[in-house]
Amino acid sequence: DLATPLNARAGDCLLFDLRCANPQPLAKVLVYLKSGAGWHVSGQGFRGAGTTRWILPLGAFESEGGPGPVTQSALVRLALYPRGTARAEISPESLRLVRPDVVVVRATSSATDAAQRSLARASTGYVLRWLEMTGIPHGLLTDDQVADGALAGAKLALFAYNPKPTAKETAAIRAFIKAGGKAAAWYPEGADWATILQVSDVRMAASKDAGHFATLQFKDSIFPRVHDPAWNILLARPSTKAGKIAATWRTATGKSLEAAAVVQTPSGWWFSAPPRAGDPAGKTSLLTRLAGAQSPAAWRDAAYTAIMCGPPHISGTPIDLSAARKAYATGKHEDAWRLALDARKRHEQAYVASRPAVPRGMRAVWDHNGTGLQAGSWDTTCAQLARHGINAIFSNVMWSSKAHYPSKVLPRDIDVHVWKVCWQLSGADAAQLAPLRKAGRLQQTADGREIPWLNPCLPDNWRTEIDAMKEVLANYAVQGIHLD
């Protein structure tokens, strides 16, 4: 326990540096803030042995026991939960309250239906995870807090998916930008976003097939190429001469589409698609550069994290970070960040290249769409995978409501594992759902609301799933069934 009155404000965060030589015995670590009669709690983990930096946005803490405001907490408690009987020692190095230059805005009033709220939760979670990896301090606000002026003092506001801001929030964002701040918004559907970010000719474009909108290719070489596949995008162009198309879309095969992926204007950045999981290295690099463009302190924090908060060695061989440390010591933080990442990447590549090859083994890919890398041509897909050493594919061809049948057995140079999604009825039509509903075979939420999933407690539903698997095994020469 550490008695320390926070005297914080919305959007602040705690920056906690600590060391642990062997975090393996720890199942989880929770940070509690006592306020009034209750607590606020947030969970964290270790990246590995050595120094770890935890960034704890006050807006991300959850409540237990009816506490007072998190900003008025008076006690910090670190709770360690062991995994077994082995010993682990933690050495806290520093704990400080930070008013960050970067804030993430969680959708509340701007997401008006269940689908929007679901996408907003996922999108905000991705951005927070990537920011945590950068080591750059950041806060978390709600739409309503932004509307009340909580962006004051920040330099970069990230709207992962906040489709329809209220008039009051829109005015607050404009005031923030007028005062020198920048906004970055992903898939900004509401009409007000076009005027906020100074873009025009907004229109939706749909992907022609899997892998059509696959990669963001920036025109400025300092930005990474970011893999972030999308099905639907919101095309736009700058409405001011000071704006530009900063990145365009490329297909999974590398073809340039000349469709705007990112528009940059004096107000900030328009991202044409919502953020998705995958390519954490590319996305953390992108966020680091966006933050660094607005806040020189962001480079210092990102460089510290890249140098100090990763493994000091791989399999006993130390990583040479001397050039990065020298640049950091002389205040060249952007160079230090880049040098540290490059040193770690080179060391990892050298380590992997030095490992003896496994005779055979499994080198597999997931095919989520069940259509191969190039829809309609399994021959091309399998030849391309085999050429790169892939010898197995897990193809998503079975759900609880549909199956990709019939089909010819795939070429034999690739082992085929059927990827089966269990219980889920997404895509089922009303005619399929009606008898299941009548028989009481669908799931319900805790409040009694029906959802389109088979209830896994019922024997009839077990038989449906098992019979479907028996059928594919009887009719196709597959090497296994992969249960999702």
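Excluded from the calculations below are hydrogen atoms, water molecules and symmetry mates; all remaining heavy atoms, backbone and side chain alike, are included.
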A side-chain contact here means heavy atoms from C-beta on lying under 4.5 Å apart; do Pro280 and Met133 qualify? yes

Run His212 and Trp249 through ring-ring contact (aromatic ring centres under 6.0 Å, His included) and show every step you take. CA-CA 9 Å; His212 187 65; Trp249 284 101; 9.3 Å; no

Hey, are Thr108 and Arg117 close enough side-chain-wise for a donor-acceptor pair under 3.5 Å? no

Is the shortest side-chain heavy-atom distance between Met204 and Leu235 below 4.5 Å? no

Does the side chain to side chain contact (heavy atoms under 4.5 Å, CB included) test come out yes or no for Val104 and Leu131, once each step is laid out? CA-CA 9 Å; Val104 178; Leu131 275 176; 3.4 Å; yes

Is there a side chain to side chain contact (heavy atoms under 4.5 Å, CB included) between Trp54 and Val31? Walk through the geometry before answering. CA-CA 10 Å; Trp54 289 345; Val31 179; 3.9 Å; yes

Would you say that more than 12 heavy atoms from the other residues, nucleotides or ligands in this model lie under 6.0 Å from the NZ of Lys420, or not? yes

Taking the side chain as every heavy atom from C-beta outward, state whether Ser110 and Thr166 have any atom pair closer than 4.5 Å. no

Counting only heavy atoms not in Arg87 (residues, nucleotides, ligands), do more than 12 fall under 6.0 Å from its CZ? no

Closest heavy-atom pair, Ala324 versus Ile307, reported as atoms and distance to 0.1 Å, is O-CD1, 3.6 Å

Looking at Arg19 and Glu89, is any side-chain nitrogen of the basic one under 4.0 Å from a carboxylate oxygen of the acidic one? no

Evaluate the side-chain proximity of Ile136 to Thr288: yes if any heavy-atom separation is below 4.5 Å, no if none is. yes

Does the side chain of Phe218 reach to within under 4.5 Å of the side chain of Leu286, using non-hydrogen atoms? yes

Determine yes or no for a side-chain-to-main-chain donor-acceptor pair under 3.5 angstrom, with Ser118 supplying the side chain and Ala115 the backbone. no

State whether Asp342 and Lys345 are salt-bridged, where the test is any N-O pair (Lys NZ or Arg NE/NH1/NH2 against Asp/Glu carboxylate O) under 4.0 Å. no

Can you tell me if Arg225 uses its side chain to pair, donor with acceptor, with the backbone of Leu216 under 3.5 Å? no

Does this structure show an ion pair linking Lys164 with Asp192, if we count only N-O contacts that are shorter than 4.0 Å? no

Where is the tightest heavy-atom contact between Pro137 and Asp301, given as atom of each residue plus distance? CD-OD2, 3.3 Å

Which is it for Ser395 and Trp419 under the side chain to side chain contact (heavy atoms under 4.5 Å, CB included) test, yes or no, and what are the steps along the way? CA-CA 5 Å; Ser395 188; Trp419 174 356; 5.6 Å; no

I'd like to know if Arg346 and Glu348 make a salt bridge, using a cut-off of under 4.0 Å between side-chain N and carboxylate O. no

For a quick check under 3.5 Å, do Asp367 and Asn396 share a side-chain donor-acceptor pair by atom type? no

Closest non-hydrogen contact found for Pro163 with Glu189 is CB-OE1, 3.7 Å

Counting only N and O atoms by type, is there a donor-acceptor contact under 3.5 Å from the side chain of His138 to the main-chain atoms of Leu56? no

Under 4.0 Å between a Lys/Arg side-chain N and an Asp/Glu carboxylate O for Asp228 and Arg276? no

Is it true that Asp148 and Lys168 have a side-chain N and a carboxylate O under 4.0 angstrom from each other? yes

Measuring only between side-chain heavy atoms, which start at C-beta, is Arg53 closer than 4.5 Å to Leu15? yes

Are the side chain of Arg344 and the backbone of Ala306 linked by a donor-acceptor contact shorter than 3.5 Å? yes

Quick one, Lys244 and Val263 - any side-chain contact, counting heavy atoms below 4.5 Å? no

If only side-chain N and O atoms count, and only distance matters, is there a donor-acceptor pair under 3.5 Å linking Gln198 with Ser267? yes

Test Leu151 against Leu141 for side chain to side chain contact (heavy atoms under 4.5 Å, CB included), laying out the working first. CA-CA 8 Å; Leu151 285 179; Leu141 297 171; 3.9 Å; yes

Trp193 and ring pair (Phe, Tyr, Trp, His ring centres under 6.0 Å): which single residue from Trp270, Tyr187, Phe159 fits? Phe159

Answer whether the closest heavy-atom distance between the side chains of Leu158 and Val105 falls below 4.5 Å. no

